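Computed from a prediction, not measured in an experiment: that's the story for all the values here. Chain letters run A, B, ... following the sequence lines, proteins first, then strands; residues in each count from 1.
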Number of protein chains: 2
Amino acid sequence: MGRKQDLVDTALRLFYEHGIHAIGINQVLQEAGVAKQTLYNHFESKDSLVEAAVEHRDNLIFSWLETRMNSRPAGEEALLEMFDAVHDWFNNREPALPRFCGCFFINACGEYSDPEHPVHKRCAVHKARVFELLKMHAEKVCCSQAEAEQLANALFLLKEGAIVKAHVEGDLDAALKAKAIASGMILPH
Amino acid sequence: MGRKQDLVDTALRLFYEHGIHAIGINQVLQEAGVAKQTLYNHFESKDSLVEAAVEHRDNLIFSWLETRMNSRPAGEEALLEMFDAVHDWFNNREPALPRFCGCFFINACGEYSDPEHPVHKRCAVHKARVFELLKMHAEKVCCSQAEAEQLANALFLLKEGAIVKAHVEGDLDAALKAKAIASGMILPH
DNA sequence: TCAAAAGTAGACCGACTTGTCTACCACGGA
DNA sequence: TCCGTGGTAGACAAGTCGGTCTACTTTTGA
């Protein structure tokens with residue numbers, strides 16, 4: 001199954017760096033060193049290759065973030081570790097991740113605005129998974145379920161905002177600023 | 001100058017709804033009812049039409065937001081009004097704005113990741129303008145310049161995060177949740 | 001009134017798009 | 001040995017891409 005994974009890896013890299021509609025099938029094939037028929041043996045269309053790329057990116061990012069957060073004690077420290085993790089990401093200090101070009105899921109939804117499109121939906125799934133990860137840790141530092149949900153939501157918005165600011169404005173310290181705000185929100189509870 | 005503006009309006013609408021690379025010149029021309037030569041009399045390339053569309057969107061969004069915020073007393077009330085404004089935007093209750101498809105500037109940067117590209121830079125300019133608007137009002141409720149900068153930054157991240165959450169996840173209450181968090185950050189100062 | 005300016009329609013260019021198809025090759029197991 | 005599997009290379013189809021060009025018409029202003 002090496003060829004299929006080569007295709008997904010190459011497609012994801014090119015889609016992430018240049019946008020999905022800007023990259024043609026032929027370019028993916030050439031850079032992956034795979035024949036066209038092989039692609040259409042594994043995928044029924046470009047769109048299904050895009051879906052596979054989104055799914056792959058979901059697994060990559062989620063497991064990376066989960067590992068980073070779980071390297072610290074559950075609760076407050078893990079939540080703050082998230083901001084250190086994305087800070088390393090923004091500054092390309094995370095060898096497991098390709099060069100920072102914003103959030104692939106946000107970018108993909110910009111190209112597939114229809115919320116019913118499979119690609120858009122798959123991106124929403126990723127964000128929901130990350131939110132659940134945050135909520136799990138938020139429950140360790142909050143008294144009630146409702147409070148945990150609120151805290152997780154606040155941290156989620158700060159993280160997404162930092163990603164946008166880092167990418168659009170090139171602010172490489174966006175994650176640290178978000179962390180400073182976040183740390184003030186966790187303690188008072 | 002009616003034709004030129006028609007082109008920019010139509011291009012912006014199509015680019016915003018479907019993404020920039022997904023829309024061809026011919027489609028813009030057909031929907032605008034304008035001949036191809038007319039386009040190339042006013043713009044030297046598709047890219048320069050894209051730049052004009054970004055600039056037009058900047059003016060549209062900024063003046064809309066500024067008007068909404070200035071309709072309330074400067075400072076705390078204006079800052080909170082921002083969240084009500086984007087809430088109306090998310091829920092398509094703002095007749096001056098087309099149907100919500102996320103932030104055009106974030107989406108555009110997803111398609112032009114290179115921070116040196118004119119389109120990317122123009123998007124960064126828009127975000128900086130909005131930030132300055134926030135900072136101006138933050139200075140009314142903060143004691144120091146540094147505190148104002150921090151508050152404006154926090155509110156900015158919350159707003160960007162809410163836009164992302166509303167678009168990717170379809171959470172139409174994202175702005176209200178962000179407002180609730182924000183209101184807790186303004187008062188204690 | 002008349003000429004310049006600005007717009008239209010549409011052919012045309014070369015390159016590229018997704019996707020199909022044919023022909024061939026290399027390897028692994030019966 | 002022989003066949004099936006999975007791959008390669010590349011032609012091909014039908015259409016679109018950004019962009020140029022010609023020829024014609026409409027508008028505008030002096």
Side-chain angles (χ1 to χ4, degrees), chain A residues 1-56 104 107-108 110-114 117-120 122, chain B residues 1-57 104 107-108 110-114 116-120 122:
Chain A
M1 304 296 96
R3 308 291 158 149
K4 185 171 183 180
Q5 196 56 47
D6 285 350
L7 282 170
V8 174
D9 287 346
T10 304
L12 174 56
R13 175 173 59 83
L14 293 173
F15 291 160
Y16 179 50
E17 281 185 9
H18 303 101
I20 295 168
H21 287 111
I23 294 295
I25 285 294
N26 295 316
Q27 195 174 341
V28 175
L29 294 171
Q30 192 187 344
E31 298 216 13
V34 167
K36 188 173 276 196
Q37 188 56 45
T38 303
L39 188 156
Y40 284 100
N41 283 342
H42 290 295
F43 302 96
E44 69 171 357
S45 66
K46 180 188 178 181
D47 252 35
S48 71
L49 174 62
V50 173
E51 286 180 53
V54 171
E55 191 166 332
H56 182 51
F104 181 59
N107 298 349
E111 297 199 61
Y112 295 88
S113 259
D114 178 6
H117 193 287
V119 170
H120 190 121
R122 192 64 188 73
Chain B
M1 305 296 98
R3 308 287 159 154
K4 185 171 182 178
Q5 195 58 48
D6 286 349
L7 282 171
V8 173
D9 288 346
T10 305
L12 174 56
R13 176 173 57 82
L14 293 173
F15 291 159
Y16 179 49
E17 281 184 8
H18 303 102
I20 295 167
H21 287 110
I23 295 294
I25 284 293
N26 294 315
Q27 194 173 343
V28 175
L29 294 171
Q30 192 186 344
E31 298 214 15
V34 168
K36 188 173 275 196
Q37 188 56 45
T38 304
L39 188 158
Y40 286 100
N41 283 341
H42 290 294
F43 303 96
E44 68 170 359
S45 66
K46 180 188 179 181
D47 252 36
S48 72
L49 174 63
V50 173
E51 286 180 53
V54 171
E55 191 165 333
H56 182 51
R57 178 84 183 175
F104 182 57
N107 298 349
E111 297 199 61
Y112 295 88
S113 259
D114 177 7
E116 294 308 312
H117 193 286
V119 170
H120 190 120
R122 194 62 188 74

Go through the steps to decide whether Leu7(B) and Leu29(B) satisfy the test side-chain contact (heavy atoms from CB on, under 4.5 Å), and finish with yes or no. CA-CA 7 Å; Leu7(B) 282 171; Leu29(B) 294 171; 4.0 Å; yes

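Rounded to an integer number of Å, the gap from CG of Leu39(A) to P of dT8(D) is 11 Å. If you take CG of Leu29(B) and C1' of dT16(D), they are 14 Å apart, rounded to a whole angstrom. Summarising the geometry, the separation between CG on Asp6(B) and P on dA6(C) is reported as 17 Å, rounded to the nearest angstrom. Between the CZ atom of Arg3(A) and the C1' atom of dC25(C) there is a distance of 13 Å, rounded to whole Å. To the nearest angstrom, P of dT8(C) lies 15 Å from NZ of Lys4(B). In this structure, Phe43(B) atom CZ and dT20(D) atom C1' are separated by 18 Å, rounded to whole Å.
A sub-4.0 Å separation between OP1 or OP2 of dT8(D) and a side-chain N or O of Thr38(A) is present. When the side-chain nitrogen and oxygen atoms of His42(B) are compared with OP1 and OP2 of dA6(C), none of them lie within a distance under 4.0 Å.
There is no side-chain donor-acceptor pair under 3.5 Å between Asn41(A) and Lys4(A). Side-chain contact annotation: Asp114(B) with His120(B), donor-acceptor N/O pair under 3.5 Å absent.
Classified by interplanar angle (parallel below 30°, tilted 30° to 60°, perpendicular above 60°), the ring pair Tyr16(B)/Phe104(B) is perpendicular.
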Contact pattern, 5' to 3', of nucleotides 17-24 of chain C - B, S or - by protein heavy atom under 4.0 Å: SBBBB---

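Taking Glu31(B) as the reference, Arg13(B) meet the salt bridge (charged side-chain N to carboxylate O under 4.0 Å, His left out) condition, with sequence neighbours excluded.
Separating the CZ atom in Phe15(A) from the OG1 atom in Thr10(A) is a distance of 10.0 Å, to the nearest 0.5 Å.
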